[in-house]
Each structure stands twice: as structure tokens, then as C-alpha cells.
Amino acid sequence: MITDKFGRRLQDLRISVIDRCNFRCRYCMPREVFGSDYAFMSKDELLQFDEIERITKIFVALGVKKLRLTGGEPLLRKDLPDLISRLARIPGLEDIALTTNASLLGKMATDLKEAGLQRVNVSLDALDDQTFMSVNDSGFSVHPIIENIYQATEAGLDIKINMVVKKGLNDHQILPMARFFKELGITLRFIEFMDVGQTNGWNFEHVMTKKDMYQQLSKQYELIPVEPAYFGEVAQRYRYRDSSTEVGFITSVSETFCSSCTRARVAADGHFFTCLFAGEGMNLKDFLRSGFTDDELRDVIIDRWQKRDDRYSELRTEETAKRSSKIEMSYIGG
């Protein structure tokens, strides 16, 4: 077990497998920036499956137990179930999850489950079709997304829903989303609109805080706090009084959790980051492709983590958020 300068363990790993996405959500990949002429990574720039497997093994040997595959939209990565199957065989890796917009999930759900995927977080920001299409800015209707969620649960995947709430855009969907997924028995997590990257037009005025959202929900439901399941759990969890179904809040803006952050992130091109709000990372792909041994890679990762002193959210102000140079959500993988 290794720790950083604040005693935070390396426990969770997120690996982005692709920087492309078929949505253009306003808070992540606004179309005016990520347009038809945007230069996404080439096949050679992406980490190959052998490289992802090798990196994962090294991180697991350092104490990582949980892995999440992200993007962009990870289901756009060709042969993704093959990668998951390889990762599922790594001794010591206890949990493999995926974050997706679910537009391709239904037809792939069975293959993903059989490959060894356990959990899926679906990014879904509205049930109202007009609002949903306004958010994704790609003409995708919500109805096939809901059908794909049904298919994924039938395939045996554990589903959670992540809703990014932006004031004035989709905050009127908080109660409809809560009602719908409570009835389905699926956990819904509300995420405060964050200042990841440079292009999503973030400011405090657009943030629906946990307090705001909790007040809306508590007018309809009695919520019972649930104890964290493990150190470093991000969501503040609650259970509906009349149900075993949970709802959660991810409060990176109003109630920061830097002090318990145990996450390392590897971008699709192999850059290693120790914070979601980082400005630069260390290129592991260069080490991989220049003949570094596993022991040498291990030492590089240990050194990077032990020097880690990130606590961006604790120090954030509106002015520092504007001045900070941060990589984009679609690049780091959320």
C-alpha cells in the first residue's frame, strides 16, 4: 500500500479507452469545440489492449482493487468485451465497472456481462425528451436509452444512474428522475455541475448544490442517511424511508472530498493523472513503448503518487476556476 503526501491510499483506477463520443453534452463536449473538424486521437495514439492490461496489473500490485473503464464513450472502442475479459483474469482485481451514455449498451450488455463486467454507471440527465436532447445536443431520444437500461439489468449488470444537474438546464428533472428510478429499484446519483476542463462555461451560478437538490427531494420523500461502504466512497448515500432503493449526491463543489480521494486516472493516450482537475499528466505510454520493465514502471507510478498533493476542490474559488488550466472531461474520463 502506498500513500500520497496527505496519507491517501492508491485504491481505485480509472482508465479511459477512447476520447471519442457520439454525444455532445454541453457540460462535457460542447459542439462548438468538439465539432466535425476536431482532431481526436488516432489508433496509434490510443493505449493498446496489451498496454492497458499491463498497466492495470502494475496498479493492482500496488493496491488497486477497483477498476472503471471510461471515455469519451467507451462502448465505441472496438472489441471492448475482449479487453474486459483479459482484465477480469487479473488476480487481485475485485471489481470492474464501466461508465457509458448507454446508447450502445443494450446490444452489448450480454457480451459485457459474460466478459466479466460487473457494474455500469449510466450518464442520464433527463427523462423529458426535449430536455435530454438539449443536453446531449446530438438528436438522441431518451426512449432507447431507457430500453437499453432494461436490457442491461436483464443481462445481470448492476446499474446506477448518474445525473449531472445544471441550474436552468435540467434541474426541473430532479423529481421525475427520482420517482422513475425509485420505482425501478435503481440507484440514482445527482452530480453537482463541475468545472472540469476549459470549455463547458462553468460558474457558480449554474451549480445546483446538494443542499438545493436534497431540499427538493425531501419535500416528496423521507431520506435516511446510509453509512459509507468503504474509505474513499465519493457519493453521499441515502435510502428512501419506504424502500431499499438508494439515492446519492456527488458534491465536488459544495462539500468537497479531496481528503479521501483514492483515485488514479489514465487517459486514453496513456497519460497518468492524480486529480480530475489536473492540468498535465505523466505519459506512461512513452515508458511502455521505450522498453521500461514492469519494475521500472512500478517505481515511476509509486514516485508520482507519493508526491501527490492535489486538493483542487478544497481550494477552488470562482476566480481560480477561471484561471486554472485543466484537461477536458472527455480526455481524462471523468
Side-chain angles (χ1 to χ4, degrees), residues 1-2 4 8-19 46-100 105 108-109 111-123 152 156-160 162 189 229-235 250 260-276 278 281-282 284-285 288 294 297-298 300-302 304-305 308 329-334:
M1 184 178 67
I2 61 170
D4 66 10
R8 297 170 294 189
R9 302 191 300 267
L10 174 56
Q11 182 173 291
D12 306 281
L13 176 63
R14 293 191 162 203
I15 298 180
S16 174
V17 296
I18 194 168
D19 63 330
L46 295 172
L47 284 177
Q48 303 306 300
F49 286 0
D50 285 345
E51 294 169 329
I52 294 174
E53 182 180 7
R54 187 179 172 198
I55 285 174
T56 302
K57 286 179 178 178
I58 293 170
F59 272 98
V60 170
L62 293 174
V64 163
K65 302 294 184 185
K66 300 170 68 175
L67 170 68
R68 177 172 296 277
L69 300 178
T70 66
E73 172 45 54
L75 296 184
L76 291 174
R77 182 71 186 258
K78 185 179 179 182
D79 298 324
L80 187 66
D82 292 342
L83 172 63
I84 292 171
S85 179
R86 294 167 67 164
L87 298 175
R89 294 194 292 268
I90 296 176
L93 185 59
E94 298 175 357
D95 182 75
I96 302 177
L98 177 83
T99 297
T100 175
L105 181 60
M108 297 179 66
D111 288 343
L112 293 167
K113 176 65 177 178
E114 291 178 351
L117 186 67
Q118 295 155 293
R119 300 185 296 113
V120 176
N121 284 6
V122 174
S123 300
L157 291 168
D158 179 21
I159 304 293
K160 288 186 176 71
N162 286 345
R189 300 193 296 189
Y230 55 90
F231 180 84
E233 185 172 28
V234 169
I250 297 178
S260 60
C261 178
T262 60
R263 295 181 177 184
R265 292 174 168 86
V266 178
D269 62 355
H271 279 79
F272 170 34
F273 296 89
T274 56
C275 180
L276 177 61
M282 181 175 63
L284 297 179
K285 184 178 66 181
L288 287 165
D294 285 357
L297 281 167
R298 176 181 176 275
V300 164
I301 292 169
I302 289 174
R304 185 73 165 193
W305 190 265
R308 176 189 189 230
M329 175 80 81
S330 58
Y331 173 75
I332 198 172

*Could you pull out the closest heavy-atom pair between K78 and F49, with the gap in Å?*
O-CZ, 3.4 Å
*Taking 4.0 angstrom as the limit, do D95 and R119 come out as a salt bridge?*
yes
*Write down the atom of A88, the atom of G116, and the distance for their closest heavy-atom approach.*
CB-CA, 4.2 Å
*Out of curiosity, L47 CG to L288 CG, how far, rounded to the nearest 0.5 Å?*
7.0 Å
_Set out, in order, the CA-CA distance, both residues' side-chain angles and the distance that settles side chain to side chain contact (heavy atoms under 4.5 Å, CB included) for D19 and S330, then state yes or no._
CA-CA 6 Å; D19 63 330; S330 58; 5.7 Å; no
*When L10 is tested against each of D4, I302, V64, T262 for side chain to side chain contact (heavy atoms under 4.5 Å, CB included), which residue passes?*
V64
*To the nearest 0.5 Å, how far apart are CD1 in I96 and CG in L87?*
5.5 Å
*Indicate yes or no for a side-chain donor-acceptor contact from E73 to the backbone of L75 under 3.5 Å, with no hydrogens or angles considered.*
yes
*Can you name the closest pair of heavy atoms from L98 and P74 and give their distance?*
CD1-CG, 3.5 Å
*Beyond-backbone contact of R77 with L83, side-chain heavy atoms, under 4.5 angstrom*: no
*Is the number of heavy atoms from other residues, nucleotides or ligands under 6.0 Å of K57 NZ greater than 12?*
no
*Taking everything shown except R308 itself, do over 12 heavy atoms lie less than 6.0 Å from its CZ?*
yes
*asked:* Quick check for you: to the nearest 0.5 Å, what is the distance between L67 atom CG and T56 atom OG1?
replied: 5.0 Å
*Can you tell me how far the CD1 atom of I15 sits from the CZ atom of R68, to the nearest 0.5 Å?*
12.5 Å
_Between N121 and T99: side-chain donor-acceptor atoms closer than 3.5 Å_ = no
*Kindly assign one of parallel, tilted or perpendicular to the pair H271 and Y331, based on the angle between their ring planes and the thresholds 30° and 60°.*
tilted
*Under the side chain to side chain contact (heavy atoms under 4.5 Å, CB included) rule, what do V266 and F59 come out as? Steps first, then yes or no, please.*
CA-CA 11 Å; V266 178; F59 272 98; 4.2 Å; yes
_Return the CD1 to NZ distance between I55 and K285, rounded to the nearest 0.5 Å._
10.0 Å
*asked:* Minimum heavy-atom separation for A152 and L105, please, with both atom names.
replied: CB-CD2, 3.6 Å
*Locate the shortest heavy-atom distance separating C275 from R265; write the atom from each residue and the value.*
C-NH1, 4.2 Å
*Under the 6.0 Å and 45° cation-pi test, does K65 pair with Y230?*
no
*When rounded to the nearest 0.5 angstrom, what distance separates OG1 in T274 from CD1 in I301?*
12.5 Å
